[in-house]
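The structure appears right after this line, and notes come after that.
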Amino acid sequence: MVLIVRFLFTLFKSRFRSKIGLLDESVLRFTVLPHDCDLNFHLNAGRFISFMDVGRIELIGRMRFLGTLLRRRWRPVMGGAVVRFRRSILPFERFDVRSRVIGWDEKWIYVEHIVEKDGTFCAIGHVRTVIRTNEGANVPPADLLALFELDIVSPPLPEFVARWRDAEDAR
């Protein structure tokens, strides 16, 4: 299956999976197909990030935010990512993408994606994303939480993520 088919299938399926809370984890399982591989015949680094994208959409869908965002013509936009790779995933091997919101600040929502194969750590990605209106304005996380009537404060960002944020903001 090409990635768009996986994306659309996950988008559809998320509506029927159980609702999760803002800080809960979502897990998706995929299989590496030959077109997901690079010249070394393992999962391409770019595909890792694409699978993480699908994981974020599933996360938004299971939180039951997606319908409201689509109706308002708002969309999640990735503003940066840091990915560390540790193990290869070979063709036809199955792997899981574990996704969860780890915190937010005045502008960004930070999401962690862990990729595992048979319980073995393969990669981790930290992504910052913003919700953007159709007019191009950013929706602050506080406004998004208020829209969904969530009264919750952000957990402290992990030290690595806070340092990454500060480095990005200093640019």
Residues two or more places apart in sequence or in another chain: which of them pass salt bridge (Lys or Arg N to Asp or Glu O under 4.0 Å) with E159?
-> R163

Tightest non-hydrogen contact, residues I102 and L157, listed as O-CD2, 4.1 Å

Smallest heavy-atom separation, F7 atom then I57 atom, equals CE1-CG1, 3.4 Å

May I ask you to test the S154-D105 pair for a side-chain heavy-atom distance under 4.5 Å?
-> no

I124 reachable from V82 in the ILVMFWY side-chain graph, under 4.5 Å edges | no

Kindly indicate whether the side chain of L66, heavy atoms from C-beta on, has any atom under 4.5 Å from the side chain of L11.
-> yes

What closest approach, in Å, do V77 and R132 show between heavy atoms, and which atom pair accounts for it?
-> CG2-CB, 4.0 Å

Rounded to the nearest 0.5 Å, what separation is found between the CZ atom of R64 and the CZ atom of R15?
-> 8.0 Å

What closest approach, in Å, do L59 and S26 show between heavy atoms, and which atom pair accounts for it?
-> CD1-CB, 3.6 Å

Under the side chain to side chain contact (heavy atoms under 4.5 Å, CB included) rule, what do L28 and R17 come out as? Steps first, then yes or no, please.
-> CA-CA 11 Å; L28 287 174; R17 294 188 70 196; 3.9 Å; yes

Hey, does F148 have a side-chain heavy atom less than 4.5 Å from the side chain of M63?
-> no

NZ (K117) and CG (D96) are apart, to the nearest 0.5 Å, by 12.0 Å

Please check if F30 and I49 belong to a single hydrophobic cluster, counting links between Ile, Leu, Val, Met, Phe, Trp and Tyr side chain heavy atoms closer than 4.5 Å.
-> yes

N-O pairing of D169 and K107 below 4.0 Å | no

Do V115 and M52 have side-chain heavy atoms sitting under 4.5 Å apart?
-> yes

Given W108 and V161, is the side chain to side chain contact (heavy atoms under 4.5 Å, CB included) satisfied, shown in steps?
-> CA-CA 12 Å; W108 300 102; V161 175; over 6 Å; no

Single-linkage hydrophobic cluster, 4.5 Å side-chain cutoff, L150 and V111 together | yes

Residue of the set V130, L144, I152, T129 for which side chain to side chain contact (heavy atoms under 4.5 Å, CB included) holds with W104 | I152

Closest contact, heavy atoms only, W164 versus H126 | CH2-O, 3.7 Å

Without swapping roles, check the side chain of N40 against the backbone of H42 for a donor-acceptor pair under 3.5 Å.
-> no

Taking atom CD1 of I109 and atom CZ of R128, what is their separation to the nearest 0.5 Å?
-> 12.0 Å

Residue pair H35 / R47, side-chain heavy-atom distance below 4.5 Å | yes

Atom pair OG1/CD1 of T68 and I60 - distance to nearest 0.5 Å | 12.0 Å

Counting only N and O atoms by type, is there a donor-acceptor contact under 3.5 Å from the side chain of S14 to the main-chain atoms of E58?
-> no

Do R75 side-chain atoms and T133 backbone N/O form a donor-acceptor pair below 3.5 Å?
-> yes

Under 3.5 Å, is there a donor-acceptor pair between the side chain of N44 and the main chain of G46?
-> yes

CZ of F48 to CG of L43, rounded to nearest 0.5 Å, is 4.5 Å

More than 12 heavy atoms of other groups within 6.0 Å of R73 CZ | no

Should V54 and V97 be marked as a side chain to side chain contact (heavy atoms under 4.5 Å, CB included) after you check the CA-CA gap, both sets of side-chain angles, and the distance that decides it?
-> CA-CA 9 Å; V54 175; V97 177; over 6 Å; no

Please check if F41 and V32 belong to a single hydrophobic cluster, counting links between Ile, Leu, Val, Met, Phe, Trp and Tyr side chain heavy atoms closer than 4.5 Å.
-> no

Below 4.5 Å, heavy atoms only, C-beta onward: do L145 and L22 meet side chain to side chain?
-> yes

So if you build clusters from Ile, Leu, Val, Met, Phe, Trp, Tyr with side-chain heavy-atom gaps below 4.5 Å, do Y110 and F160 land together?
-> yes

About how many Å separate CZ of F65 and CD1 of I131, when rounded to the nearest 0.5 Å?
-> 9.0 Å

How far apart are the closest heavy atoms of C37 and P91, and which atoms are they?
-> SG-CG, 3.6 Å

Name the orientation class of the two ring planes belonging to F51 and F95 (parallel below 30°, tilted from 30 to 60°, perpendicular beyond 60°).
-> perpendicular

Check whether any side-chain heavy atom of R62 sits under 4.5 Å from a side-chain heavy atom of S18, and report yes or no.
-> yes

